[in-house]
Amino acid sequence: MNELSFDNRDGLIWVNGEMIPWRDANLHILSHGLHYGSGVFEGERMYGGKIFKLEEHTERFFNSARILGFEIPYSMEDINAASMKVCQANDIIDGYIRPIAWRGSEMMGVSAQKNRINVAIAAWGWPSYFSPEALMKGIGLMTAQWRRPDPATAPVHAKATGLYMICTLSKHEAEKQGFEDALMLDWRGLVAEATGANIFFSFDDGKLHTPVPDCFLDGITRKTVIEIAKSEGLEVIERSIKPDELHEANEVFITGTAAEVTPVGRIDNMHFVPGQICRRMMAAYEHAVGKGK
């Protein structure tokens with residue numbers, strides 16, 4: 001992976017309808033999105049020259065903007081086309097795509113009714129979110145101090161920039177303690193997700209169990225894996241999961257566009273061995289996205 005910082009790379013980024021040099025893709029210091037977190041984004045993967053679930057990602061992008069009270073000033077077809085154009089301009093065949101929309105700098109304050117909605121799309125090569133060693137034995141999760149908020153207190157079904165600060169805080173603390181990621185509970189104390197991925201468990205009943213996404217994103221990868229599991233003959237149960245149930249799990253894995261399907265080897269002081277179900281889901285997902293073709 002390129003070791004250059006993300007503001008100092010060669011290439012092009014699509015910004016407000018134009019391709020501009022990577023290093024010139026800047027925003028003003030008084031942009032509302034920077035000060036108040038009024039932005040939405042997507043994370044997408046390209047495999048073999050095709051962006052997986054592009055239409056679904058773009059639809060969620062627009063829905064997130066609506067939840068935050070603004071309209072993206074382009075059509076979904078425009079964003080789809082621009083996403084492909086960015087990949088082609090940067091010679092990306094297998095990589096990651098990041099569309100983002102944010103309120104600009106016309107007004108500075110909590111109110112931002114007159115601010116321009118800016119849109120940008122960048123793409124870069126990104127082979128794996130976790131190291132090969134972590135993937136082999138399963139990553140470690142540490143239960144986070146911060147919790148996913150009550151839907152009455154935050155726009156929890158938008159992929160909004162501001163909602164990820166508690167994820168950054170949680171992941172930093174987990175890494176400091178020797179874990180790869182954090183397990184987040186919700187405001188009720190129920191299992192929710194990892195910092196940027198949904199989570200699945202298998203128990204002695206041979207079924208897959210996953211939390212109900214009532215206060216966090218119902219991930220596109222999550223929905224894909226549920227479809228795959230059902231096609232593989234596995235029953236999937238969406239339900240409330242209490243932390244004290246986790247010691248009874250046999251296998252655990254997380255799912256996300258960046259994480260794909262990643263086994264979990266430990267949660268706090270509980271240990272799990274990635275087994276048949278993890279391997280089946282990893283292989284089936286790689287086949288579904290066309291990885292390695």
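Here the structure is a predicted model, which means the values were calculated and not measured. Along the sequence shown, residues are numbered consecutively beginning with 1. Because only heavy atoms are used, hydrogens play no part in the values below, and waters and symmetry mates are left out as well, while side chains stay in.
Geometrically, Arg239 engages Phe203 in a cation-pi contact defined by less than 6.0 Å to the ring centre and at most 45° from the axis.
With no hydrogens or angles considered, no side-chain donor-acceptor pair links His57 and Glu44 at under 3.5 Å. Counting only N and O atoms by type, the side chains of Tyr164 and Lys159 include a donor and acceptor under 3.5 Å apart. Side-chain contact, Thr153 with Asp150: no donor N or O sits under 3.5 Å from an acceptor N or O. With hydrogens and angles left out, the side-chain atoms of Thr143 and Asp268 include a donor and acceptor closer than 3.5 Å.
Linking ILVMFWY side-chain heavy atoms closer than 4.5 Å, directly or via other members, places Leu185 and Met270 in a single hydrophobic cluster. No continuous path of ILVMFWY side-chain contacts below 4.5 Å connects Met184 to Ile241, so the two sit in separate hydrophobic clusters. Transitive grouping of hydrophobic side chains (ILVMFWY, heavy atoms separated by less than 4.5 Å) brings Val236 and Val261 into a common cluster. The cluster map of Ile, Leu, Val, Met, Phe, Trp and Tyr, joined by side-chain heavy atoms under 4.5 Å apart, puts Leu141 and Phe216 in different clusters. By the rule that hydrophobic residues join a cluster once side-chain heavy atoms approach within less than 4.5 Å of another member, Met84 and Trp126 end up as members of separate clusters.
No side-chain heavy atom of Ser105 sits less than 4.5 Å from a side-chain heavy atom of Asn115. Side-chain contact between Cys278 and Phe272: absent, with no pair of heavy atoms (C-beta onward) separated by less than 4.5 Å. Annotation: side chain of Phe61 is in contact with side chain of Pro99 (closest heavy-atom distance under 4.5 Å). Between Thr224 and Phe52 there is a side-chain heavy-atom pair separated by less than 4.5 Å. The shortest side-chain heavy-atom distance between Pro21 and Arg23 does not fall under the 4.5 Å cut-off. In this structure, Glu173 and Met142 have side chains that are in contact, with non-hydrogen atoms separated by less than 4.5 Å. In this structure, Trp102 and Thr161 have side chains that are not in contact, with every pair of non-hydrogen atoms separated by 4.5 Å or more. Side-chain contact between Val86 and Ile13: absent, with no pair of heavy atoms (C-beta onward) separated by less than 4.5 Å.
With hydrogens and angles disregarded, no donor-acceptor distance shorter than 3.5 Å links the side chain of Thr262 to the backbone of Ile254. Judged purely by atom type and a 3.5 angstrom limit, Asn250 has no side-chain atom pairing as donor or acceptor with the backbone of Gly206. Between the side chain of Ser75 and the main chain of Asp78, a donor-acceptor pair closer than 3.5 Å is present. Within the 3.5 Å criterion, the main-chain N or O of Ile199 finds no donor-acceptor partner in the side chain of Glu193. Checked by atom type and distance alone, the side chain of Thr58 never pairs as donor or acceptor with a backbone atom of Glu55 at under 3.5 Å. In this structure, Asn16 contributes its side chain and Asn118 its backbone to no donor-acceptor pair below 3.5 Å. Of the possible polar contacts, none joining the Asn90 side chain to the Ile92 backbone as a donor-acceptor pair under 3.5 Å is found. Between the Arg45 side chain and the Ile51 main chain, no donor and acceptor come within less than 3.5 Å of each other. The main-chain N or O of Arg60 is never found under 3.5 Å from a side-chain atom of Asn63 such that the two would form a donor-acceptor pair. Distance alone, capped at 3.5 Å, is enough to place a donor-acceptor pair between the His32 side chain and the Gly109 backbone.
Heavy-atom contacts from other residues, nucleotides or ligands closer than 6.0 Å to CD of Glu59 number 12 or fewer. The neighbour count for Glu248 CD, taken as heavy atoms of other residues, nucleotides or ligands under 6.0 Å away, is above 12. Residue-environment remark: CH2 (Trp146) stays at or below the threshold of 12 foreign heavy atoms within 6.0 Å. Counting non-hydrogen atoms of other residues, nucleotides and ligands closer than 6.0 Å to CE of Met108 gives a total above 12.
Nearest approach of Val119 to Pro73, heavy atoms of both residues: CG2-CD, 3.9 Å. The two residues Ala123 and Ile97 make their nearest non-hydrogen contact at CB-CG1, 4.1 Å. Heavy-atom minimum distance, Ser240 versus Val212: N-CG2, 4.3 Å. Nearest heavy-atom pair, Arg103 versus Ala112, reported as atom, atom and distance to 0.1 Å: CD-CB, 3.8 Å. Contact detail for Lys171 and Ala182: the closest heavy-atom pair is N-CB, 4.4 Å.
In this structure, CG on Asn26 lies 8.0 Å from CG on Asp7, to the nearest 0.5 angstrom. Rounding to the nearest 0.5 Å places SG of Cys167 at 11.0 Å from NE2 of His172. Put simply, CG on Leu30 and CD on Glu106 are 11.0 Å apart, with the number rounded to the nearest 0.5 Å. Atom CD1 in Ile220 sits 6.0 Å away from atom OG1 in Thr257 (nearest 0.5 Å). Ile237 CD1 to Ile226 CD1: the interatomic distance, rounded to the nearest 0.5 Å, is 11.5 Å. One finds the CG atom of Leu183 at 5.5 Å from the CD1 atom of Ile267 (value rounded to the nearest 0.5 Å).
Here the rule is ring pair (Phe, Tyr, Trp, His ring centres under 6.0 Å) with Phe6, and of Tyr96, Trp22, Trp124 only Trp124 fits it.
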Worked verdict on Val191 versus Phe201 for side-chain contact (heavy atoms from CB on, under 4.5 Å): CA-CA 11 Å; Val191 174; Phe201 304 88; 4.1 Å; yes
The test is salt bridge (charged side-chain N to carboxylate O under 4.0 Å, His left out); show your working for Arg266 and Glu180 and say whether it passes. CA-CA 10 Å; Arg266 64 171 173 149; Glu180 282 79 21; 5.6 Å; no
Between Ile93 and Tyr47, does the side-chain contact (heavy atoms from CB on, under 4.5 Å) criterion hold? Intermediate values first, please. CA-CA 6 Å; Ile93 302 298; Tyr47 298 96; over 6 Å; no
Report the C-alpha distance between Ile121 and Phe41 in whole Å, list the side-chain angles of each, state the deciding distance to 0.1 Å, and finish with yes or no for side-chain contact (heavy atoms from CB on, under 4.5 Å). CA-CA 9 Å; Ile121 306 172; Phe41 70 100; over 6 Å; no
Pair Ile79, Trp14 - check side-chain contact (heavy atoms from CB on, under 4.5 Å), show working. CA-CA 10 Å; Ile79 297 301; Trp14 187 92; 4.1 Å; yes
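Electrostatic pairing of Arg66 and Glu71 does not count as a salt bridge here, judged by no charged N lying under 4.0 Å from a carboxylate O. Electrostatic pairing of Glu238 and Arg222 counts as a salt bridge here, judged by a charged N lying under 4.0 Å from a carboxylate O. Using a cut-off of 4.0 Å between Lys/Arg side-chain N and Asp/Glu carboxylate O, Lys242 and Asp244 are scored as not salt-bridged. By the 4.0 Å N-to-carboxylate-O rule, Lys291 lies too far from Asp94 to be salt-bridged with it.
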Side-chain polar contacts of residues 227-235 - donor-acceptor pairs under 3.5 angstrom, sequence neighbours left out - could you list them?
unit_1	atom_1	unit_2	atom_2	d
Ser231	OG	Ile228	O	2.6
Glu232	OE1	Arg280	NE	3.4
Glu232	OE1	Arg280	NH2	3.3

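Under the 30°/60° scheme for interplanar angles, the aromatic rings of Phe200 and Phe253 are found to lie parallel.
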